[in-house]
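Written out below as structure tokens is the structure these notes cover.
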There are 2 protein chains.
Amino acid sequence: MPAISDVARLAGVSKATASRALSGRGHVAEQTRLRVVQAASEIGYIASPDAASLVTGRTKNVGVVIPFVNSWFFGEMLEGIERALLGAGYDLTLYNLPEGGPARARVFDFFLARKRVDAVIVIAVDLTEGEVRGLERREKPIVCVGGSGDATARLSIDDRAVGLLATEHLLHLGHTRIAHLAGAGAGLQPNSMAGLRAAGFRDAVAAADADRMDPAARVAGGAPRGSATELGPIDAIVIETEMGMPGGFEAGLQLLGHPAHRPTAVFAATDETAFGVIRAAERLGLSVPRDLSVIGVDDHEHAALFDLTTIAQAPAEQGRLAVEVALRMLGDDARADPLPDSGAPLATRLVVRGSTARATA
Amino acid sequence: MPAISDVARLAGVSKATASRALSGRGHVAEQTRLRVVQAASEIGYIASPDAASLVTGRTKNVGVVIPFVNSWFFGEMLEGIERALLGAGYDLTLYNLPEGGPARARVFDFFLARKRVDAVIVIAVDLTEGEVRGLERREKPIVCVGGSGDATARLSIDDRAVGLLATEHLLHLGHTRIAHLAGAGAGLQPNSMAGLRAAGFRDAVAAADADRMDPAARVAGGAPRGSATELGPIDAIVIETEMGMPGGFEAGLQLLGHPAHRPTAVFAATDETAFGVIRAAERLGLSVPRDLSVIGVDDHEHAALFDLTTIAQAPAEQGRLAVEVALRMLGDDARADPLPDSGAPLATRLVVRGSTARATA
DNA sequence: TTGAAAGCGATACCAC
DNA sequence: GTGGTATCGCTTTCAA
């Protein structure tokens, strides 16, 4: 395996010059540069990243911590990250974090603590204070995407706004008996994705209730409301379930099983949940959107197939953005792009398809 | 950031001894070993993998080349690989290969050619001869999972047998009008996954045809058959489509749209394709399995939800196995396990659920 | 069993 | 511009 000294010898220059010529750092006469490059390709020289890292302290490698890979959303985001990293000449080292067991500690205390990655991108994982400190002590920039907790840089959509928007869409269509299929844990963790989307749902319902009241009373003190799942004039209910298709299916069967209390519209916390609901509705002989309107979140690759109205987010693009921020924190960014509005939530947009329709009188 | 010299000084030994004590290589008095370990943890010492790699030539890092991440199957396999690698103290560097453009060459000629990975696991990618040679020249073991082409080690299910088994299941249930939703390219690439499963389908149909003939004629020359899509007594048809849910849906609508030629059973090349078919059937008012039996391949996480009969394979387990083989090729395997039957196909099994039933007379 | 010293393969500082 | 040289942090002979 050829080393830089071989290149240097062949080109008739010193190692130092060869290094400069190949790395582009420092000035080298164009003529010698050509000779060196020529010599390098002649013997198939490729610099050893280890040796370079050792002296520069940079590895050109970014660690990515992610809870799952086997779902469309995370997979898509991972692809976005990978593409961006590869394009910038960086490697991506994957840490697929299992459920917080001893393996998690090992990842943070050993794998990420070593000098093998320049920065860490953390997807949908709530870092403990200790984990953050550990990385900061080693001066590794952290970019979080989704999740909560206070870390350095965080990219996130506004989940509360998403819940609000989705619910408003249903309300605007005239639905007054609506349900929200929230993610498991929405109640216990108000700041989780599930909790925030559910909060947005409740906000929208409360606002609608207020609109239905005497404007005077509205000014006086907002909408009176009952329990968290009974919000006055609008018949709203929140059901927690796993946010996958099976979760949506089961919750859907349960929710739609009794004709008496059946809602006319459902806001599912994710598209996959929505797919499950749609299947449940079909199974029960209900027609979407005639008997039931359904809206989800994500704009999953199969959303079009289910003709699902949804709040779109672009995971791959979010991944790309995370890389951009990370590289910028490393001061490695050659591009002159302005900073993305730091702290501003990531873009989402309502995509109206055929699964939502006006409430029938 | 503490270096090994700091540990050595604190423990009152030389760098050499400290290294031996911490790495476990070479003999060190138990007492001094304890002192060193103690000193190391005291100052939070973690060895620099770069420095170690530089001298040992080993990186404790494996590269994984994979075409997609955003699908359940590949994601699951990636998780299996990651878990196994992490457990063995290895890092996983991900190369999400895009569609064979210039990026592909860059991955093989630059990223993988450097001394950054000890071995490469290649998922469902057909390596060119040049790519294989390039890695071999650098003495990097290659383990392929799925895909075709001749590489060093290859783990793969027997796709032809899978096609055979799935089709036989339908035939045994008495179906005589059956269709195969093959993956795109099945016809053009007979050795691809799609091509092999389709071949298995044809084999099963041919065998069934033979059984329906006079035994004498059968000995004489096998089943006479028409075109590739018209296989005699058994009414069999092969349709190529994208192997996802949308592909299955579209093909399903087309296939099941005309009541006259409607098959009573479908063998879908993958579970996702099968999901699409099931939805198409439901959309057309057909009941599964009463009007249509459907069988898929994979045992996708949603297969149970669709009550889908399928040929199960275990991608995560396959990933784990790939790692085992790779580490063994690196001579790094501490376990005394016997070699897995080298070259033997990976396990698959028929999982019968409710989507397949006897053909109605 | 332990220590001294020679690299591994690059970069970067400092003269020239 | 270019060439020596120290250096990054570790492992590994070779002696003691």
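FYI, side chains are in, hydrogens and waters are out, and symmetry mates aren't considered; it's all heavy atoms of this structure.
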Check every strand shown and say whether Arg20(A) touches a base, only sugar-phosphate, or nothing at a heavy-atom separation below 4.0 Å.
base

Taken to the nearest whole Å, CZ/Arg9(B) to C1'/dG3(C) is 16 Å

Nearest-neighbour nucleotide for the Ser48(A) side chain, dC10(D), dT12(D), dG9(C) considered
dG9(C)

Which sits closer to the 5' end of DNA chain C, Thr17(B) or Lys115(B), going by the nucleotide each is nearest to?
Thr17(B)

By the definition side chain to side chain contact (heavy atoms under 4.5 Å, CB included), identify the one residue from Val13(B), Val7(B), Asp6(B) that meets it with Arg9(B).
Asp6(B)

Tell me what Ala29(B) touches on the nucleic acid: a base, only sugar-phosphate, or nothing, going by heavy atoms under 4.0 Å.
sugar-phosphate

Would you indicate whether the side-chain heavy atoms of Val122(B) and Val143(B) approach each other to under 4.5 Å?
no

To the nearest Å, give me how far apart NE2 (His27(B)) and C1' (dC14(D)) are.
17 Å

So does Arg33(A) reach the base of dG1(D) with its side chain, donor to acceptor, closer than 3.5 Å?
no

Report yes if the side chains of Asp91(B) and Arg114(A) come closer than 4.5 Å at any heavy-atom pair, otherwise no.
yes

Rounded to whole Å, the CG-C1' distance (Leu54(B) to dT7(D)) equals 12 Å

Roughly, in whole Å, what's the span from CZ in Arg58(A) to P in dT11(C)?
14 Å

With Glu131(B), the salt bridge (charged side-chain N to carboxylate O under 4.0 Å, His left out) member among Arg104(B), Arg137(B), Lys140(B):
Arg104(B)

Touch class at under 4.0 angstrom, heavy-atom based, for Lys15(B) against every strand present:
base

Take Ala51(B) and Ala16(B), find for each the nucleotide of DNA chain D with the closest heavy atom, and name the residue whose nucleotide sits nearer the 5' end.
Ala51(B)

Between dT2(D), dT11(C), dT12(D), which nucleotide gets closest to the side-chain atoms of Arg25(B)?
dT12(D)

Answer with base, sugar-phosphate or nothing: what part of the nucleic acid does Thr32(B) contact at a heavy-atom distance below 4.0 Å?
sugar-phosphate

Both Ala47(A) and Ser14(B) contact DNA chain C. Taking the nearest nucleotide for each, which residue is further toward the 5' end?
Ser14(B)

Provide, to the nearest angstrom, the distance between the CG atom belonging to Asp50(B) and the C1' atom belonging to dG9(D).
9 Å

Taking atom P of dC8(D) as reference, at what distance in whole Å does atom CZ of Arg114(A) sit?
21 Å

Would you indicate which nucleotide in dG9(D), dA10(C), dT11(D) comes nearest to any side-chain atom of Ala3(B)?
dG9(D)

Check the distance between dG3(D)'s P and Ile4(A)'s CD1 and give it to me in whole angstrom.
12 Å

How many Å lie between CZ on Arg116(A) and P on dG9(D), as a whole number?
16 Å

For the residue pair Asp118(B) and Asn61(B), establish whether any side-chain heavy-atom pair is separated by less than 4.5 Å.
no

